[in-house]
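As structure tokens, the structure follows; a few thoughts come after it.
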Amino acid sequence: MSERISIRVEKSVLATDKGTRLSKLLAGLDLPAKPVLAEVDGRIVDLDVPLDKDGDVVLLYPDSERALDVLRHSGSHLMAHAVLDLFPGTQVGIGPAVENAFYYDFLRETPFTTGDLASIEARMKELAARDLPIERVVLPKAEAVSLFREKGQTLKVELIEEKAGAEATCYRQGDFIDFCLGPHLASTGRLRHFKLLSVSGAYWKGDERNQQLQRIYGTAFFSKDQLEGYLNLIEEAKKRDHRKLGPELDLYSFADDLGSGLPLWHPKGARIRAVIEQHWRERHWAGGYDILYSPHIGRAKLWQTSGHLGFYKDSMYSPMEIDGQDYYLKPMNCPFHILIYKSRLRSYRDLPLRWAELGTVYRYERSGVLHGLLRVRGFTQDDAHIICTPGQIEDEILRVLDFSVSLLADFGFIDNKIDLSVRDPKNPDKYCGSDDLWCRAEASLVKALETRGYPYERMEGEAVFYGPKIDIKIKDALGRLWQCTTIQFDFNMSERFDMTYIGEDGREHRPYMVHRALLGSLERFFGVLIEHTNGNFPLWLAPVQAAVLPIADRHDGYASGLVARLREDGLRAEADLSREKVGHKIREAELRKVPLILIVGDKEVREGTASLRIHGQGDKGPVDIGAFLAKAQALVRNRSLTVLW
RNA sequence: GCCAGCGUAGCUCAGCAGGUAGAGCGGCUGAUUUGUAAUCAGCGGGUCAGGGGUUCGAAUCCCUUCGCUGGCUCCA
């Protein structure tokens, strides 16, 4: 008679024989979905695991991030296995699961090309079909080292020597073995739905001084539907890529002769930007900010004082000499705002000061990092500096947090992820400012987040050297996160520029300074907005809000009159007076994604109306012009995200 | 910056065992006067990203510069 054990699974407590496989135990349970892995005593295991003692079992379902990580990690092993089969002599680096994907780094004389992906994937399918068991093997360190050395895997040897204790945990499948902590799936046959995505370079251990390896990315899912869903998402993202849509909709362009990373805003893009800027200004004035302007260049002395020439020079454009003085293009606006602060003596009665600027800055970005509008060399920050007394800081942080969230919501971004970046506790020396300052700053950030009940992730070691910060990432229509907002304490500038205010006590005090950008950069925000809306801008932002299409040229006069009237009432309208059939004009207007389309022919001229068509929705029938205008203006005023008639 | 890939008309792309460039759409001109996603016809348009080399001859092969893409590193 075998020993009985007691297992708690999903609220049920089950008694079973010692050694029973978990899958067998689960067979008798009525589960909401099919689990793929389980966590027993804090370890992720396969469902085939024999249960040998009392314990809690947490089931992991295919939508669980942790289960997917295990799947993808096994996927990376399968890929490495296939690569070593196909390309003997290749060395393997590391191969983890990452968000939505996995990768493995390889060292091989001939670099992989995208053409190699198909054959590697085919070999992976073969290895999966053989359903090789994936076994955990623990070897004494010396044995592991000599094993991998024999195989010529010197990168692995290096890893084992660095990371393994007395023993090295490895995973073996067929003739492939890898130094790895796991966990993994039970066998290669569990990997059914995977796809290799791309090849790229990556530095060994992420350090650009090290040799460059070749990284192959792939992804894997538990079901075919999920894999296809993900691949479709990539396709959809490609379709709404702002680098494709932007030029297509004539919003912006880049020119080779201009230089890379320097966007040109075309009339329609500029119109959207102007609307954004106008809204931004109004919100800022209403929100207690003052707006500043400052020049694009400044003397070297300024940048020495600010410290930029010390710690930021690599990202600055080379100086230009004027009258024997070096001037630099500004990479940040802060020094200018500080000079305005210092232009007179400040009293505690003047504080808080909230100074904002749409400041255009230039930063030298390495050519490889440029990316459409999302990463450029010349861009306009919606910058602001809040200068206040220590006693005001908590209120000010809360205020700027509320203001940020509310401004983002105006554009339809209501699903945000918030990161709190704090010091690296292991490395206190690399930060400026006193311990006390850091603690108080961090406390005020935390307090603001908790007052509003916003969930946030604490990122240790992610703070910049001059202070802790809150970053807000907005989630777009495809669920992707984009960093826009940053709210940063700055303990550095106030010291360097010796900023002071006269307190109630008549003595000089050091103000707190908070640096913030809400949309981040107008360029990046615009790029995200294009992708988020797929170019279908909400009515209040649409560069052309209404297109008036006369059916025949005898209706041109009526159409032009209608456009004039709409414009007088503040609607951005255009008439299409080309000699095309109305079907063609409609197609053109739809392709330009004009939200409101007004068609006018004999009937409309006779009755003084227009026939309304809404982009993406089709024919809405005749409308009275006055009623149309009122409705359109209301949609603009409310910044409505959809056009519902 | 690094690794890999790419750069042919405004756009999408064909041409590439080396023999001085083509299509569709867009544009222009003309005809058509049109009712909810493409009317017809004609005509223009490219030092094949720039420069250099190999060759009798280069869009095609090689080198180099610039730009773009996917990553690495960095960041708004």
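Heavy atoms only: backbone and side chains are in, while hydrogens, waters and symmetry mates are out. Every value quoted in this text rests on a predicted model; they were computed, and no experiment measured them.
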Scan every strand shown for a Watson-Crick or G-U wobble partner of [N], both distances under 3.5 Å, and answer none if you come up empty.
{"N": "B:rG30", "value": "B:rC40"}
{"N": "B:rG57", "value": "none"}
{"N": "B:rG5", "value": "B:rC68"}

Test item: side-chain donor near acceptor, A:E604 and A:S611, under 3.5 Å: no

A:D419 versus A:S421, side-chain donor and acceptor atoms under 3.5 Å: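 On atom types as modelled, these side chains do not qualify, holding no pair under 3.5 Å.
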
Atom pair OH (A:Y252) and CD1 (A:I530), whose distance is rounded to the nearest 0.5 Å: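 One gets 5.5 Å once the value is rounded to the nearest 0.5 Å.
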
A:I216 CD1 to A:S76 OG distance, which is reported to the nearest 0.5 Å: 11.5 Å

side-chain contact (heavy atoms from CB on, under 4.5 Å) assessment of A:L629 paired with A:L566: CA-CA 7 Å; A:L629 257 170; A:L566 299 180; 3.7 Å; yes

Of the residues in [range], which ones touch RNA chain B at a heavy-atom distance under 4.0 Å?
{"range": "residues 608-620 of chain A", "value": "A:S611, A:R613, A:D619"}
{"range": "residues 93-102 of chain A", "value": "none"}
{"range": "residues 365-372 of chain A", "value": "A:E365, A:R366, A:S367, A:G368, A:V369, A:L370, A:H371, A:G372"}

Enclosure of A:K195 NZ (heavy-atom neighbours >12, cutoff 6.0 Å): no

Residue A:E162 excluded, over 12 heavy atoms near CD under 6.0 Å: yes

Just to be sure I understand the rule, does [X] reach a base, reach only the sugar-phosphate, or reach nothing, if contact means heavy atoms closer than 4.0 Å?
{"X": "A:R363", "answer": "base"}
{"X": "A:R524", "answer": "base"}
{"X": "A:V376", "answer": "base"}
{"X": "A:Y364", "answer": "sugar-phosphate"}
{"X": "A:R243", "answer": "sugar-phosphate"}
{"X": "A:D382", "answer": "nothing"}
{"X": "A:Q211", "answer": "nothing"}
{"X": "A:K585", "answer": "nothing"}
{"X": "A:G583", "answer": "sugar-phosphate"}

Atom pair distance, as rounded to whole Å: [atom1] in [X] and [atom2] in [N]:
{"X": "A:D576", "N": "B:rA37", "atom1": "CG", "atom2": "C1'", "value": "13 Å"}
{"X": "A:Q483", "N": "B:rC75", "atom1": "CD", "atom2": "P", "value": "11 Å"}
{"X": "A:R209", "N": "B:rC74", "atom1": "CZ", "atom2": "P", "value": "11 Å"}
{"X": "A:W482", "N": "B:rC75", "atom1": "CH2", "atom2": "P", "value": "18 Å"}
{"X": "A:I597", "N": "B:rG35", "atom1": "CD1", "atom2": "P", "value": "17 Å"}
{"X": "A:Y103", "N": "B:rC72", "atom1": "OH", "atom2": "C1'", "value": "10 Å"}
{"X": "A:R377", "N": "B:rC75", "atom1": "CZ", "atom2": "P", "value": "17 Å"}
{"X": "A:F311", "N": "B:rC74", "atom1": "CZ", "atom2": "C1'", "value": "15 Å"}

For [N] versus [M], give the span between their [atom1] atoms, rounded off to a whole number of Å.
{"N": "B:rA41", "M": "B:rG67", "atom1": "C1'", "value": "40 Å"}
{"N": "B:rU8", "M": "B:rA37", "atom1": "P", "value": "34 Å"}
{"N": "B:rC66", "M": "B:rC11", "atom1": "C1'", "value": "22 Å"}
{"N": "B:rU69", "M": "B:rU12", "atom1": "P", "value": "13 Å"}
{"N": "B:rG53", "M": "B:rA58", "atom1": "C1'", "value": "11 Å"}
{"N": "B:rG24", "M": "B:rU34", "atom1": "C1'", "value": "25 Å"}
{"N": "B:rC40", "M": "B:rC25", "atom1": "P", "value": "9 Å"}
{"N": "B:rA9", "M": "B:rG46", "atom1": "C1'", "value": "5 Å"}

Nucleotides 4-14 of chain B: which of its N/O atoms have a protein N/O under 3.5 Å away?
none

Should [X] be listed as having a side-chain N or O under 4.0 Å from OP1 or OP2 of [N]?
{"X": "A:R579", "N": "B:rC40", "result": "no"}
{"X": "A:S260", "N": "B:rC68", "result": "yes"}
{"X": "A:Y217", "N": "B:rC72", "result": "yes"}
{"X": "A:Y203", "N": "B:rG71", "result": "no"}

Stepwise side-chain contact (heavy atoms from CB on, under 4.5 Å) test for A:K585 and A:R579: CA-CA 9 Å; A:K585 293 182 183 181; A:R579 295 283 54 89; 4.1 Å; yes

Do [X] and [Y] sit within salt-bridge range, that is, some charged N less than 4.0 Å from a carboxylate O?
{"X": "A:E457", "Y": "A:K473", "value": "no"}
{"X": "A:R273", "Y": "A:E523", "value": "yes"}
{"X": "A:E235", "Y": "A:K239", "value": "no"}
{"X": "A:E590", "Y": "A:R587", "value": "no"}

Of A:L519 and A:V582, the one whose closest RNA chain B nucleotide lies more 5': A:V582

Along RNA chain B (nearest heavy atom to each residue), the more 5'-positioned of A:A202 and A:C484: A:A202

Working for side-chain contact (heavy atoms from CB on, under 4.5 Å), residues A:M332 and A:R363: CA-CA 9 Å; A:M332 293 186 193; A:R363 298 180 185 175; 3.6 Å; yes

Partner set under ring pair (Phe, Tyr, Trp, His ring centres under 6.0 Å) for A:H308, not counting sequence neighbours: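 If we apply the ring pair (Phe, Tyr, Trp, His ring centres under 6.0 Å) test to A:H308, skipping adjacent residues, the hits are A:W303, A:F311, A:Y312.
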
Residue list, ring pair (Phe, Tyr, Trp, His ring centres under 6.0 Å) with A:H532, at least two apart or on another chain: A:F413

ring centroid sep under 5.5 Å plus plane angle under 30, A:F379 with B:rA76: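 The ring of A:F379 is stacked on B:rA76.
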
A:F106 and A:F112 aromatic ring geometry - parallel, tilted or perpendicular at 30°/60° bounds: perpendicular

Whether A:H242 and A:H371 hold their rings parallel, tilted or perpendicular, with breakpoints at 30° and 60°: tilted

Proximity of A:W280 and A:F411 rings by center, below 6.0 Å: no

Base of B:rC3 paired with side chain of A:Q214 (donor-acceptor, under 3.5 Å): no

